[in-house]
Q: 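The structure follows.
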Amino acid sequence: RYVVFLTMDATPVLSDSAIVTALQDKIAKLEEQTTQQGVWIERLLRGSIIVVDCEGCGLFKSIQQAIDTCCAGDTIVLKKGTYSEPFIVSKDGITIMGSRSEVILDNNTDKSTIVFKANSTVSGITLVQKRKYNNCVRFEEGSGVLDNCDVRSANLSCIVVTGTSVPTIRHCSVHSSKQHGIAIKANCAAVIEYCDVWNNGQPNITIEEGADPVVRHNVIRDGSQNGVWIKAKGKGVIHDNDIHGNGYSNIDVMEGATPTITNNRIYSSAKCGICVAENGGGIIQENDVHSNGYSNIGIMGGGNPTISRNLVHNSKQHGIFVKTRASGVINDNNVYANTLANIKIEEGANVTHSNNQNPTLKPVNMSHNTTASQIQAHSNMSIVYNTSIIPPNTSLMPPSQSTTQTSSSMISHSVSATPEPTPPPQPTQP
């Protein structure tokens, strides 16, 4: 805006039209200069480091203003302090970073703390969602990366993957929500790696209808419900995680879900280590499943997994428990030192069971168990290629030499006096 001051005693030299023309020329030159300055500022900022300081000492005080101004290749550095504004990552190719212990985004609004809509990275921030009306972090579009952040939410899920997004979540601590730690919504994919997901009120990680994430190298622990809940034809690869201490089963597979569960340590849940039910299936392979409150692996009604090359031991109930109307394939496992039967098959189950290393195939042998019934079967079932007593530290691989016998010579039909485990309750709908 331009203001012209005229004194009362000024004697006009130019005509009115000449004055207007002169002012217009001056305005045009100023606008041209402003445009050129804007171009130079944009060139200066592109690919540069942009400092945001909540105290006002940086180039910007507002994170969102910095995002709106920056270009692809820029790095936005957040200086130490507590910020209060939520923001939307709306541009590709930018990095927003801080020092996790020093940069806190304390969001007390009704909006999500961060919404990803682009292929950019947010790293090194403590993210706190205080209000109950939204998630802390929402991935809606793009392939965003959340790295080395502490994510917590007072009510709704800490992190939600939805829409068309395919994010990577890594090196994060995700905790203290009343709902899920991480929820992968219908038909979404994601990579979740090297995270500590803990102490959430509903399952620490939920994989919903048709979702297909990779969950690897994480610690998933101490949740009120499941460690990982895969439902409604969900898929995914669950690989090389430590999953322990959860209030329901450490892993629950149901409603037609078919995950691949490999090379995990699954232990010390209040209920089953792995529970497969309600037409759930998938592959359970080369895991160490032990010391769970119910059976280490439970196949409930309708479950139909393939269980192979696992260590299954030291359960407070059965090693592998197959309920009526369940089916599946149980091959090449080392099942030992469980409190009740190492493998228990109820009447009406339909299971193929072969080549499992079991320390006590003789019904009266008590070497590593506390009951005489090591395999109890009440269904039509063949048991082949089993070995004799195997020490607890035996390899997961199948034995090099094995024997073949009919089930009648190897199965104890005695019924344990201890009551059978009940299926774990379904987690609360997210």
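Model, not experiment: these values are computed from the prediction.
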Q: For Gln202 and Thr206: C-alpha separation, side-chain torsions, deciding distance, then whether side chain to side chain contact (heavy atoms under 4.5 Å, CB included) applies.
A: CA-CA 9 Å; Gln202 293 183 13; Thr206 293; over 6 Å; no
Q: According to side-chain hydrogen bond (donor to acceptor under 3.5 Å, both in side chains), who are the partners of Thr109, at least two apart in sequence or on a separate chain?
A: Asn107
Q: Can a salt bridge be assigned to the pair Asp110 and Arg131 using a cut-off of 4.0 Å between side-chain N and carboxylate O?
A: yes
Q: How close do Cys158 and Gly181 get, heavy atom to heavy atom, and via which atoms?
A: CB-O, 3.2 Å
Q: Main chain of Gly282, side chain of Thr258: is a donor-acceptor contact present, judged purely on distance under 3.5 Å?
A: no
Q: Within the side chain of Asp106, is there an N or O that forms a donor-acceptor pair under 3.5 Å with the backbone of Thr82?
A: no
Q: Hey, does the side chain of Gln285 reach the backbone of Ile307 with a donor-acceptor pair shorter than 3.5 angstrom?
A: no
Q: Determine yes or no for a side-chain-to-main-chain donor-acceptor pair under 3.5 angstrom, with His318 supplying the side chain and Ala341 the backbone.
A: yes
Q: Nearest 0.5 Å, what's the CD-CG distance between Gln129 and Leu105?
A: 9.5 Å
Q: Flag the pair Pro203 / Gln225 as yes when at least one side-chain heavy-atom distance between them is below 4.5 Å, and no otherwise.
A: yes
Q: Over 60° means perpendicular and under 30° means parallel, so classify the ring planes of His217 and His239, tilted if in between.
A: perpendicular
Q: Salt-bridge test for Arg221 and Asp196: reply yes if a basic N is under 4.0 Å from a carboxylate O, no otherwise.
A: yes
Q: Evaluate the criterion side chain to side chain contact (heavy atoms under 4.5 Å, CB included) for residue pair Phe87 and Ile114; output intermediate values, then yes/no.
A: CA-CA 5 Å; Phe87 61 87; Ile114 301 178; 3.6 Å; yes
Q: Under 4.5 Å between any side-chain heavy atoms of Val77 and Val52, yes or no?
A: no
Q: Between atom CG of Leu156 and atom CG of Asn134, what is the distance when rounded to the nearest 0.5 Å?
A: 6.5 Å
Q: Tell me whether Asp240 is salt-bridged to Arg216, with the criterion being a basic N under 4.0 Å from an acidic carboxylate O.
A: no
Q: Got a sec: does the NZ of Lys91 have more than 12 other heavy atoms crowding it under 6.0 Å?
A: yes
Q: Once you round to the nearest 0.5 Å, how far does CG of Asn148 lie from SG of Cys195?
A: 10.0 Å
Q: Tell me if a side-chain donor or acceptor on Asn334 pairs with a main-chain N or O of Leu311 at a distance below 3.5 Å.
A: no
Q: Is the backbone of Asn264 close enough, under 3.5 Å, to the side chain of Asn287 for a donor and an acceptor to pair up by distance?
A: yes
Q: Among Asp150, Asn199, Asp222, exactly one meets side-chain hydrogen bond (donor to acceptor under 3.5 Å, both in side chains) together with His175. Which residue is that?
A: Asp150
Q: Test Asp332 against Arg309 for salt bridge (Lys or Arg N to Asp or Glu O under 4.0 Å), laying out the working first.
A: CA-CA 5 Å; Asp332 306 327; Arg309 301 200 299 275; 5.0 Å; no
Q: Which residue pairs pass the salt bridge (charged side-chain N to carboxylate O under 4.0 Å, His left out) test when at least one of the two sits in residues 154-178, sequence neighbours left out?
A: Asp147-Arg170
Q: OG1 of Thr75 to CD1 of Ile49: how many Å apart, nearest 0.5 Å?
A: 6.0 Å
Q: Is the backbone N or O of Ser315 less than 3.5 Å from a side-chain atom of Asn338, with the two atoms forming a donor-acceptor pair by type?
A: yes
Q: Applying side chain to side chain contact (heavy atoms under 4.5 Å, CB included), name anything that partners Ala232, two or more places apart in sequence or on another chain.
A: Glu209, Glu255
Q: Measure from the side-chain N and O atoms of Asn250 to the backbone N and O of Tyr267, and report whether any donor-acceptor pair falls under 3.5 Å.
A: yes
